[in-house]
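Below is one structure; the comments refer to it alone.
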Amino acid sequence: MGRVPADLTVGDDGLVIAEVFGPTFQGEGPSIGRRAGFVRLGRCNLDCAWCDTPYTWDWDRYDPAEELHGQSVASVLDQLVDMAPEIVVVTGGEPLLQQRRLIRLLEGCAARGWPVEIETNGTIAPDDRLVSLVAQWNVSAKLANSGVPLDKRIRPDALAALRATNRAAFKFVVTQPSDLDEIAALVDAHGLAPVWIMPEGTDATTLLDRARVLSDPVLARGWNLTPRLHVLLWGDQRGR
Ligand code: SF4
């Protein structure tokens with residue numbers, strides 16, 4: 001799991017891509033509702049039990065030859081131009097596995113006036129050059145509900161580096177209200193703020209039911225709540 005297929009070759013100016021899609025809306029977190037172009041990169045260094053994009057990394061269930069491809073930065077930028085995005089969201093998988101290669105893409109976005117958000121699981125510290133090119137970090141550190149061992153999913157040095165950018169929001173995927181105590185312990189231990197809580201769910205009914213249950217406890221703790229707008233609009237469709 002989480003490996004690059006041995007036969008996938010990518011040039012120096014290329015990225016391992018799962019999909020480039022849009023225009024759509026940023027569906028989660030501080031920029032919810034903004035018109036966006038999405039670049040979803042392949043590979044991940046974790047294997048969360050409820051992952052909603054397993055086709056980016058789980059080669060026990062998916063064929064990497066079908067799911068991933070190498071694509072030049074110029075070609076990705078051409079696709080984004082056609083979307084007329086307000087923002088560009090780089091997601092995955094885990095985008096920071098390719099952070100050196102991302103610099104040229106983000107320089108291209110900056111030249112076109114597009115702010116870039118990177119969605120990361122918070123286990124890899126970003127390089128300084130990349131930090132200077134990112135408008136917003138959406139850091140989704142994983143809880144025990146992911147099934148990933150603690151020492152693999154919580155990396156204090158990486159969280160500290162992301163916090164130090166002063167442009168990070170910490171978003172937690174919650175399956176039940178008891179998860180909030182675990183989040184509070186992480187927030188206190190690592191000084192994480194602002195906090196966004198997002199119910200887990202890939203259909204509108206599950207998502208709204210969980211959001212209603214979470215709403216008052218989240219307000220009581222002084223945190224923010226985000227739905228998943230794309231799930232409310234389009235369910236579990238890929239590439240929306
Ligand atoms: S970190 Fe994200 S992409 Fe990776 S397995 Fe977990 S949910 Fe999926």
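When reading the values below, keep in mind they use all heavy atoms of this one structure, side chains included, and skip hydrogens, waters and symmetry mates. Numbering of ligands and ligand atoms starts at 1, following listing order. By convention here, the first residue in the shown sequence is residue 1.
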Pair listing, salt bridge (charged side-chain N to carboxylate O under 4.0 Å, His left out) test, anchored in residues 99-108, at least two apart: Glu107-Arg129
For a quick test of reading the model, state the closest non-hydrogen atom pair linking Cys51 to Pro54 and the distance between them. O-CD, 3.4 Å
OG (Ser75) and CG (Asp13) are apart, to the nearest 0.5 Å, by 10.0 Å
Below 2.8 Å, which protein N, O or S atoms neighbour atom 8 (Fe) of ligand 1, ignoring water? Cys51 SG
Please examine the side chains of Leu106 and Ile118, heavy atoms only from C-beta on, and report whether any two atoms are closer than 4.5 Å. yes
Any ring pair (Phe, Tyr, Trp, His ring centres under 6.0 Å) pairs touching residues 14-55, not counting sequence neighbours? Phe21-Phe38
Residue set satisfying salt bridge (charged side-chain N to carboxylate O under 4.0 Å, His left out) with Arg167, at least two apart, ordered chain then number -> none
